[in-house]
Amino acid sequence: MGIEAWYMDSSDEDQRKPHKLNPNQPLSMEDLQKLGVYHWKLNADIYESDPELEKIRKEQGYSYMDIITIHKDTLPNYEDKLKMFFEEHLHLDDEIRYILDGQAYFDVRDKEDRWIRISMSKGDLITLPAGIYHRFTLDETNYTKAMRLFVGEPVWKAYNRPADDFDIRKKYLASLQGS
Ligand SMILES: CSCCC(=O)C(=O)O
Ligand SMILES: [Fe+2]
């Protein structure tokens with residue numbers, strides 16, 4: 001089964017709230033794939049020795065992994081990190097995150113620059129393509145544990161919007177033509 005995604009409302013309520021429209025305007029996995037966002041559902045209970053995960057890591061070349069636990073008692077500079085994660089940004093590489101426990105929201109911009117909220121929970125693996133504008137927030141449960149994957153030596157540098165003159169941004173937008 002896929003993850004849940006929806007167009008966000010424009011309320012300035014707490015970022016951790018769902019921000020669904022009324023009526024809800026959901027998006028399908030196919031809609032997300034048109035934006036270059038891909039999702040797998042795995043069994044997070046066996047993440048240390050999951051052949052499914054190993055297969056994806058081999059196919060995609062995700063040679064690097066680490067685990068980040070986002071909770072006020074475990075993450076140093078918790079508040080600053082959450083503020084940074086929620087600043088709209090892009091990366092020069094794909095952002096690959098696998099939720100091992102808890103849940104969280106990844107928001108991405110669509111072709112018309114509207115915010116789409118993607119609700120991720122235990123077992124959801126997602127890849128956000130290099131050059132897509134996005135942001136991250138915990139939800140009202142205030143906890144997630146995520147595996148971060150990368151091709152080779154990780155580069156976590158985020159470039160806050162605007163970054164429209166970046167080659168990777170132009171390349172990303174060009175990749176959306178026709179989808
Ligand atoms: C789920 S990991 C926390 C978010 C993050 O690493 C990022 O926004 O780059
Ligand atoms: Fe990011």
Side-chain angles (χ1 to χ4, degrees), residues 1-41 44 68-92 94-148 156-166 168-169 172-173 175-176 179:
M1 67 102 179
I3 34 184
E4 199 186 341
W6 57 84
Y7 278 109
M8 292 183 75
D9 69 11
S10 50
S11 100
D12 53 8
E13 265 185 328
D14 182 332
Q15 67 190 57
R16 288 172 169 81
K17 289 189 179 303
H19 287 277
K20 286 187 174 181
L21 291 162
N22 183 9
N24 185 29
Q25 284 186 29
L27 288 102
S28 66
M29 292 300 103
E30 290 68 36
D31 294 326
L32 294 181
Q33 285 170 4
K34 286 191 192 123
L35 297 173
V37 175
Y38 294 92
H39 165 266
W40 293 265
K41 187 76 179 178
I68 179 171
T69 301
I70 307 185
H71 183 272
K72 65 179 173 22
D73 301 336
T74 57
L75 186 66
N77 311 321
Y78 172 77
E79 290 300 343
D80 292 347
K81 286 249 176 69
L82 281 179
K83 224 194 292 303
M84 183 183 76
F85 288 149
F86 199 60
E87 268 304 311
E88 182 175 2
H89 63 272
L90 59 74
H91 304 282
L92 308 185
D94 292 357
E95 176 167 309
I96 307 131
R97 300 288 183 273
Y98 174 27
I99 304 297
L100 302 177
D101 195 14
Q103 52 212 53
Y105 293 133
F106 286 83
D107 299 339
V108 300
R109 291 282 193 182
D110 79 350
K111 286 172 75 167
E112 285 72 40
D113 219 27
R114 290 176 300 187
W115 275 123
I116 293 168
R117 175 148 284 188
I118 303 170
S119 173
M120 297 269 290
S121 55
K122 182 173 175 179
D124 287 322
L125 169 62
I126 195 169
T127 59
L128 305 182
I132 193 170
Y133 280 133
H134 65 282
R135 63 190 183 190
F136 167 91
T137 182
L138 291 173
D139 69 9
E140 291 174 288
T141 59
N142 289 310
Y143 162 69
T144 194
K145 177 179 169 188
M147 183 187 289
R148 302 188 302 175
W156 305 124
K157 176 86 182 107
Y159 296 90
N160 290 345
R161 189 172 186 172
D164 302 299
D165 53 342
F166 280 46
I168 196 65
R169 180 66 191 163
Y172 172 67
L173 290 176
S175 76
L176 296 183
S179 67

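When a residue number appears, it is its place in the shown sequence, counting from 1.
Looking at residues two or more places apart in sequence or on another chain, you find a salt bridge (Lys or Arg N to Asp or Glu O under 4.0 Å) between D113 and R109, R161. With sequence neighbours excluded, no residue forms a salt bridge (Lys or Arg N to Asp or Glu O under 4.0 Å) with R16. Evaluation of the side chain to side chain donor-acceptor pair (under 3.5 Å) rule for Y38 yields no partner, not counting sequence neighbours. Residues satisfying the side-chain contact (heavy atoms from CB on, under 4.5 Å) criterion with S175, sequence neighbours excluded, are Y172. With sequence neighbours excluded, no residue satisfies side chain to side chain donor-acceptor pair (under 3.5 Å) with T74. Under the rule for a ring-ring contact (aromatic ring centres under 6.0 Å, His included), H19 has no partner lying at least two apart in sequence or in another chain. Residues forming a side chain to side chain donor-acceptor pair (under 3.5 Å) with Y7 (at least two apart in sequence, or on another chain): D110, R114. For the side chain to side chain donor-acceptor pair (under 3.5 Å) test, residues two or more places apart in sequence or in another chain that qualify with D164 are Y133. Evaluation of the salt bridge (Lys or Arg N to Asp or Glu O under 4.0 Å) rule for K122 yields D45 as partners, not counting sequence neighbours.
Residues K111 and L35 have side chains in contact (heavy-atom distance under 4.5 Å, counting atoms from C-beta outward). The shortest distance between side-chain heavy atoms of L92 and F166 falls below 4.5 Å. A heavy-atom distance below 4.5 Å is found between the side chains of W6 and P18. In this structure, the side chains of I70 and K145 stay at 4.5 Å or more apart for every pair of heavy atoms. Contact of the Y143 side chain with the T69 side chain is registered, since non-hydrogen atoms from C-beta on lie closer than 4.5 Å. Using a 4.5 Å cut-off on side-chain heavy atoms (C-beta onward), V37 and I118 make contact. By the 4.5 Å heavy-atom criterion applied to side chains, T137 and L82 are not counted as neighbours. Looking at L100 and T144, their side chains never come closer than 4.5 Å, going by heavy atoms from C-beta outward.
Shown here for K41 and S121, the closest heavy-atom pair between the two residues is NZ-OG, 4.1 Å. Listed here is the closest heavy atom pair of L32 and A5: CD1-CB, 4.1 Å. The minimum heavy-atom distance linking I3 with S119 is given by the pair CG2-O, 3.5 Å. Taking each heavy atom of G123 and A44 in turn, the nearest pair found is N-CB, 3.8 Å.
The distance from the CD1 atom of I132 to the CD atom of E95 is 10.0 Å, given to the nearest 0.5 Å. Here the CG atom belonging to N77 is positioned 9.5 Å from the CE atom belonging to M84, to the nearest 0.5 angstrom. Separating the CG atom in D139 from the CD atom in Q15 is a distance of 11.0 Å, to the nearest 0.5 Å. Once rounded to the nearest 0.5 Å, the distance linking OG1 of T141 with CD of Q103 reads 4.0 Å. Atom CZ in F106 sits 11.0 Å away from atom OG1 in T127 (nearest 0.5 Å).
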Using a 3.5 Å cut-off and no angle test, enumerate the donor-acceptor pairs between side-chain atoms of residues 21-30 and protein atoms at least two apart in sequence or in another chain.
{"residue": "S28", "atom": "OG", "partner": "E30", "partner atom": "N", "Å": "3.3"}
{"residue": "S28", "atom": "OG", "partner": "E30", "partner atom": "OE1", "Å": "3.2"}
{"residue": "S28", "atom": "OG", "partner": "D31", "partner atom": "N", "Å": "3.0"}
{"residue": "S28", "atom": "OG", "partner": "D31", "partner atom": "OD2", "Å": "3.1"}

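Sorted by first then second residue, the ring-ring contact (aromatic ring centres under 6.0 Å, His included) pairs that include residues 68-90, not counting sequence neighbours, are F85-F136, H89-H91, H89-H134. Among residues at least two apart or in separate chains, salt bridge (Lys or Arg N to Asp or Glu O under 4.0 Å) pairs with a member in residues 17-29 are E4-K20, K17-E140.
Counted within 6.0 Å of CG on D12, heavy atoms from surrounding residues, nucleotides or ligands total 12 or fewer; the atom is thus considered open. Summarising the local packing, NZ of K83 is surrounded by 12 or fewer heavy atoms from other residues, nucleotides or ligands at distances under 6.0 Å.
Judged by distance alone, the side chain of D94 and the main-chain N or O of I96 form no donor-acceptor pair under 3.5 Å. Checked by atom type and distance alone, the side chain of R169 pairs as donor or acceptor with a backbone atom of G131 at under 3.5 Å.
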request  = Go through the steps to decide whether I116 and M8 satisfy the test side-chain contact (heavy atoms from CB on, under 4.5 Å), and finish with yes or no.
outcome  = CA-CA 6 Å; I116 293 168; M8 292 183 75; over 6 Å; no
Show your working on side-chain contact (heavy atoms from CB on, under 4.5 Å) between R148 and R97 and close with a plain yes or no.
CA-CA 5 Å; R148 302 188 302 175; R97 300 288 183 273; 3.7 Å; yes
> Can you check side-chain contact (heavy atoms from CB on, under 4.5 Å) on I126 and L128, steps first, answer last?
Replying inline: CA-CA 7 Å; I126 195 169; L128 305 182; 4.0 Å; yes
